[in-house]
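Here the structure is laid out as structure tokens; the discussion comes afterwards.
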Amino acid sequence: MRKELPIWLGTMAGAFVVATRWFTLVNATGVDRMADRLIVASYAAAAAVGFIGLTRVHLRAIDARRPLWGYSIVLLVAMYGYAGLLFFLPASAPLPSWIFLNVMGPVFSTMYGLIAFFITSAAYRAFRVRNLESGILLAAAAIALLGNSAVGGRIWHGWDGLVAWIMAVPVTGGFRAIQVGAALGALGTAVRVLLGLERSHMGSPQG
Amino acid sequence: MTALRRLDRRWLYLGVLLITVAAAVWPLRIAPRPTRETRTAFDLAQALQPGAGVFVYVEYGLGSREEMDPMLAAVLGHLADRGAHIVIAARSPEASQVAETVMGGVAARDPAYAKGYGQTWVNLGYRPAPDVALRAATSGIAAAYNEVDYAGRPLAGMPILQALRALNRTYFALAYAFDSGDGFAPMIYYVGTPTGLPVIIGAISMEVPLLQPYLAAGQLAAVIAGARGAAEYEALAGQPRRADVLVGASAMAAIYVLAVMLLGNLVARRP
Amino acid sequence: MSTSLAVWTGALLTLAVLSFLYDDNPAWRITEHLYVGLAAGYGLGYTWQNYLRPVLLNQVGAPGGWIWIFPLVLGALLYTRYIRGWEWLARFPMGIWIGYGAGYILAYLPRVVVGQVTGSMVALNSLSNVALLVCLLGGFATFVFTLPDRPGLIRTAGRIGRYAILIALGVAFGGTVLYRFTLLYGQVHFLVHDWLGLGH
Amino acid sequence: MGFDGPGYGARLLLPGYLGSALLAALLLALMLICLFRARHGLRMPHLRRLPGIRVLEEMVGRATEMGRPVHMTPGTDDPRNPQVLASFPILRQLALAAARYDTPLLHTSADQIVYALSDATIQQTYIEAGRASLYDPEHVRYLSDNPFAYAAAVMGMFRRERPAANVMFGNFGAEALLLIEAGADAGSLQLAATSNIFQLPFFVAGCDYTLIGEEMYVAAASVSGDPMLRSTVIAQDWMRLVVALLVLAGAIVHTLAGPSDPLRRWLQR
């Protein structure tokens with residue numbers, strides 16, 4: 001019952017969603033709208049799970065004086081400090097939004113920008129022509145780099161047309177094949193979940 | 001050559017830093033020729049009647065502001081020029097504050113928007129399980145967003161949501177998603193395809209190839225492509241020119257990365 | 001050089017993150033932990049301010065508001081995974097969420113696939129259209145799993161499809177490079193211009 | 001509450017959903033047929049062995065020879081993402097091999113629930129393999145909720161413990177590049193699988209083996225050898241054939257009939 005009941009409830013929830021979205025009679029009751037609002041509420045009620053998890057991990061690290069435990073204090077102070085602030089003040093109040101723009105902003109942007117460095121070393125190491133396949137990958141990357149940065153159009157007038165054709169034909173065809181395939185894979189997984197065949201999220205992969 | 005083969009990657013990093021510093025100290029402005037896609041996006045907004053409803057879904061957060069802020073500002077500025085009524089929603093807490101900042105800047109330039117909150121525009125903010133909230137908005141915005149806006153003010157008294165009740169073709173003319181990768185699919189799945197509302201994606205340059213199948217199938221009305229698309233849009237719509245320097249910087253970056261790739265291949269070729 | 005506290009805060013944090021490129025160091029570690037802590041604190045605080053508080057104040061107390069109790073309790077069951085002996089209760093929200101999500105996939109994804117299919121029904125009157133169809137069907141052929149030794153036609157089609165997929169991935173790489181450099185440019189421009197006062 | 005849009009009336013399905021309902025019904029029917037055949041032991045076509053899966057065993061063998069650990073990550077999303085669900089059967093297979101060769105299996109995750117599920121999976125697998133004593137809770141690590149902090153922690157770990165093989169199977173964001181670079185720096189043999197198309201160029205260029213999109217779901221469904229799960233993959237292949245034929249037929253109809261295109265319009269009813 002501890003394992004089967006949640007799976008059955010999940011199957012019922014999934015069947016409910018499909019029924020309310022496709023069939024005129026069920027859809028006309030408007031029950032899907034209420035269900036959507038309620039499911040949002042259930043997600044929100046679980047919003048603290050990562051918060052609690054981090055608290056446990058870092059309290060334990062401090063308690064056991066693990067290596068680098070001092071940084072755990074930084075993390076907990078930042079986390080509880082900011083959450084506490086937002087408990088009393090709206091996010092648009094001066095102090096929370098100052099922290100948002102001047103502390104979170106630069107750190108998040110630079111973290112994202114760091115990837116520019118790693119991309120360069122990946123380009124140096126990984127984009128080497130070993131066979132026809134890696135040659136195609138490299139050539140397509142080079143054409144797109146010059147095309148999207150408006151450099152290509154200055155070198156040769158037809159460059160933008162070439163990029164447009166590549167986008168319209170091989171890129172559309174190739175990505176469409178991947179996306180339709182991934183959609184079939186996702187639909188297959190959804191059916192496996194609803195039939196109760198796929199139950200690794202219940203703790204043991206083989207049932 | 002042997003030294004190059006065992007090249008410490010930090011030398012490559014130094015090159016990246018030098019290129020970007022150079023681009024910041026001596027900015028290179030490149031105004032690209034407008035592509036057909038950007039022109040389509042512009043034409044759709046240009047055709048709006050004053051008071052037409054427009055839904056703007058902001059997905060990108062703090063990390064993508066550099067590429068996306070100019071584009072969002074250019075499109076919002078153009079929509080304000082056309083007198084559109086703008087409903088903003090966000091996919092994450094971060095995105096909702098980013099949207100508020102950018103729209104605040106745009107609204108300040110136009111009296112109808114500077115004093116028109118709740119009348120000419122509204123920011124709904126973010127709700128947990130954003131896909132479900134977005135889907136729910138197609139049959140009723142106020143209920144989907146729990147009757148409050150991003151700052152917790154009640155939606156009930158706002159004239160804009162009396163006129164634009166649900167996110168579908170009856171009430172809206174266009175839907176936008178300003179996206180750094182996670183927002184376009186829900187926009188197509190739960191809004192564009194079921195309601196038939198024309199969807200325009202303002203995309204980071206990274207995801208533009210990914211959108212091609214949807215664009216070709218007519219599931220998207222238009223795509224504005226990264227910093228380059230932003231620069232093109234600014235030129236078309238007569239908005240402040242902020243993206244040209246980004247295009248210049250990315251041109252320098254493209255040449256540097258191509259050189260690095262070439263070097264990598266040369267090093268590998270030599271016996 | 002700037003005299004603003006906001007600019008100095010941002011500049012020092014930016015430098016701390018960039019220092020990771022040289023090697024792991026205390027400034028990076030402090031920033032990294034700050035980053036994780038702020039992100040978690042912000043996520044919870046914002047959800048409270050913008051969702052939970054209004055729902056508790058306006059909806060739960062209103063007539064018929066008792067129905068909100070069920071989802072809130074259901075979601076809260078997830079916390080039982082931290083209580084020894086009660087972990088199994090957390091399977092209830094998880095099972096329902098995964099089922100609801102699978103329902104969403106099943107309800108909405110097929111229509112998008114149908115759109116992709118009808119969008120591929122192009123008139124075979126131009127070289128580009130024929131090439132598009134060849135790329136697409138070839139791409140499908142690369143994902144055929146049930147034929148251990150695929151017959152010649154499917155193998156050839158699969159090879160063409162694989163080349164189309166490689167071109168698509170190469171183009172995506174090109175776009176990613178430019179995007180990442182634009183983000184970095186923004187931060188470096190902030191350092192050079194707003195903090196040091198150089199350039200334009 | 002008013003209903004917006006036309007089409008409510010005597011119809012069974014909402015307008016526009018005919019094609020999708022047929023598609024979904026056909027997929028479901030094919031899956032049920034395949035499941036039925038599997039349950040009754042009827043003949044089924046063989047599945048192509050994916051190159052990525054063939055090497056799982058080889059990777060563990062290599063690590064054993066070098067006396068270094070194997071690392072696996074399910075990416076940075078939570079278990080509501082089907083890609084993360086797909087990682088568990090692979091983890092199980094890897095743990096079986098690790099138990100057999102007596103080689104340490106490091107597992108890192110960026111989500112509390114994924115961590116708990118993975119820990120249970122590994123422990124359970126070691127017990128089933130009769131090697132319960134090899135299970136070490138210190139080898140299963142939850143590093144951070146945040147993708148970048150997670151990747152930074154993995155980078156540090158790779159520098160210290162230098163795994164001989166690195167299996168990345170799940171949903172990855174921008175942090176994927178940091179993981180690939182860390183693996184390359186440590187000299188690991190790398191296998192990557194994801195449906196996140198943004199990260200695929202890096203995986204294809206930078207890893208030794210890559211599973212693209214649907215391949216990862218198929219790998220997950222077939223790796224255990226469970227005929228029930230495997231049979232559903234066969235249904236997906238049939239479905240792909242249907243889609244391909246539909247596209248081809250539609251293109252021909254469109255070429256002959258011009259823009260009036262009855263097939264397309266019927267599907268969109």
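Below, chains carry the letters A, B, ... as their sequence lines are ordered, and counting in each starts from 1. The figures here come from the full heavy-atom set of this structure, side chains too, leaving out hydrogens, waters and symmetry mates. Treat the numbers as computed from the prediction; the structure is a model and nothing was measured.
- Here the straight-line distance linking atom CZ of Phe181(C) with atom OG1 of Thr120(A) works out to 3.5 Å at 0.5 Å rounding.
- Contacts between Leu132(A) and chain C at a heavy-atom distance below 4.5 Å involve the side chain alone, from C-beta outward.
- Contacts between Phe87(A) and chain C at a heavy-atom distance below 4.5 Å involve backbone atoms as well as side-chain atoms.
- In terms of modelled atom types and a separation under 3.5 Å, the side chain of Tyr79(C) and the main chain of Ala48(A) share a donor-acceptor contact.
- Counted by atom type alone, Tyr179(C) and Asn148(A) present zero donor-acceptor pairs between their side chains at under 3.5 Å.
- Gln187(C) places no side-chain N or O within 3.5 Å of a backbone atom of Ser109(A) that could act as its donor or acceptor partner.
- Neither the backbone nor the side chain of Arg111(C) comes within contact range of chain A; no heavy atoms are under 4.5 Å apart.
- With a 4.5 Å cut-off on non-hydrogen atoms, Met34(A) touches chain C through its side chain but not through its backbone.
- Using a 4.5 Å cut-off between heavy atoms, Ala35(A) touches chain C through backbone and side chain atoms alike.
- Heavy-atom pairs under 4.5 Å with chain A were tallied for Phe173(C), Tyr100(C), Trp48(C); the largest tally goes to Tyr100(C).
- In this structure, chain C has no heavy atom under 4.5 Å from any part of Thr189(A).
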Residues Val180(A), Phe143(C); criterion side chain to side chain contact (heavy atoms under 4.5 Å, CB included); working and verdict: CA-CA 10 Å; Val180(A) 169; Phe143(C) 288 110; over 6 Å; no
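- Within the 3.5 Å criterion, the main-chain N or O of Ala40(C) finds no donor-acceptor partner in the side chain of Tyr82(A).
- Interface residue Arg21(A): only side-chain heavy atoms are found under 4.5 Å from chain C.
- In this structure, no portion of Trp8(C) lies under 4.5 Å from any heavy atom of chain A.
- By number of non-hydrogen pairs under 4.5 angstrom with chain C, the leading residue of Tyr80(A), Phe88(A), Phe100(A) is Phe100(A).
- At least one donor-acceptor pair under 3.5 Å links the side chain of Tyr51(C) to the backbone N or O of Ala41(A).
- Contact annotation for Val40(A): both backbone and side-chain heavy atoms come within less than 4.5 Å of a heavy atom of chain C.
- To the nearest 0.5 Å, the span separating CD1 on Ile96(C) from CD1 on Ile39(A) amounts to 7.0 Å.
- Atom CE of Met79(A) and atom CG of Leu34(C) lie 12.5 Å apart (nearest 0.5 Å).
- Only the side chain of Thr47(C) has a heavy atom closer than 4.5 Å to any heavy atom of chain A.
- For Leu52(C), the part sitting under 4.5 Å from any heavy atom of chain A is the side chain, from C-beta outward, and nothing else.
- Taking 4.5 Å as the limit, every side-chain heavy atom of Leu38(A) sits out of range of all side-chain heavy atoms of Phe70(C).
- Atom OH of Tyr112(A) sits in a sparse spot, with 12 or fewer heavy atoms from other residues, nucleotides or ligands closer than 6.0 Å.
- Distance check, rounded to the nearest 0.5 Å: CG of Leu86(A) to OH of Tyr42(C) gives 7.5 Å.
- Ranked by heavy-atom pairs under 4.5 Å with chain C, the list Leu54(A), Ile166(A), Val103(A), Val191(A) is led by Val103(A).
- Residue Ile30(C) touches chain A through both its backbone and its side chain, counting heavy-atom pairs closer than 4.5 Å.
- Contact of Thr176(C) with chain A is made through backbone and side chain together, with heavy-atom distances under 4.5 Å.
- For the atom pair CD (Gln49(C)) and CG (Leu89(A)), the distance works out to 7.5 Å, reported to the nearest 0.5 Å.
- Residue contact with chain C, scored on non-hydrogen atoms closer than 4.5 Å, involves the backbone and the side chain of Leu137(A) alike.
- For Trp8(A), no part lies under 4.5 angstrom from a heavy atom of chain C.
- Only the side chain of Ala172(C) comes within less than 4.5 Å of a heavy atom in chain A; its backbone stays farther off.
- Atom CZ in Phe117(A) sits 4.5 Å away from atom CG in Leu184(C) (nearest 0.5 Å).
- If you measure heavy-atom distances from Phe108(A) to chain C, the contacts under 4.5 Å come from both the backbone and the side chain.
- Residue Arg192(A): no heavy atom, backbone or side chain, is found under 4.5 Å from chain C.
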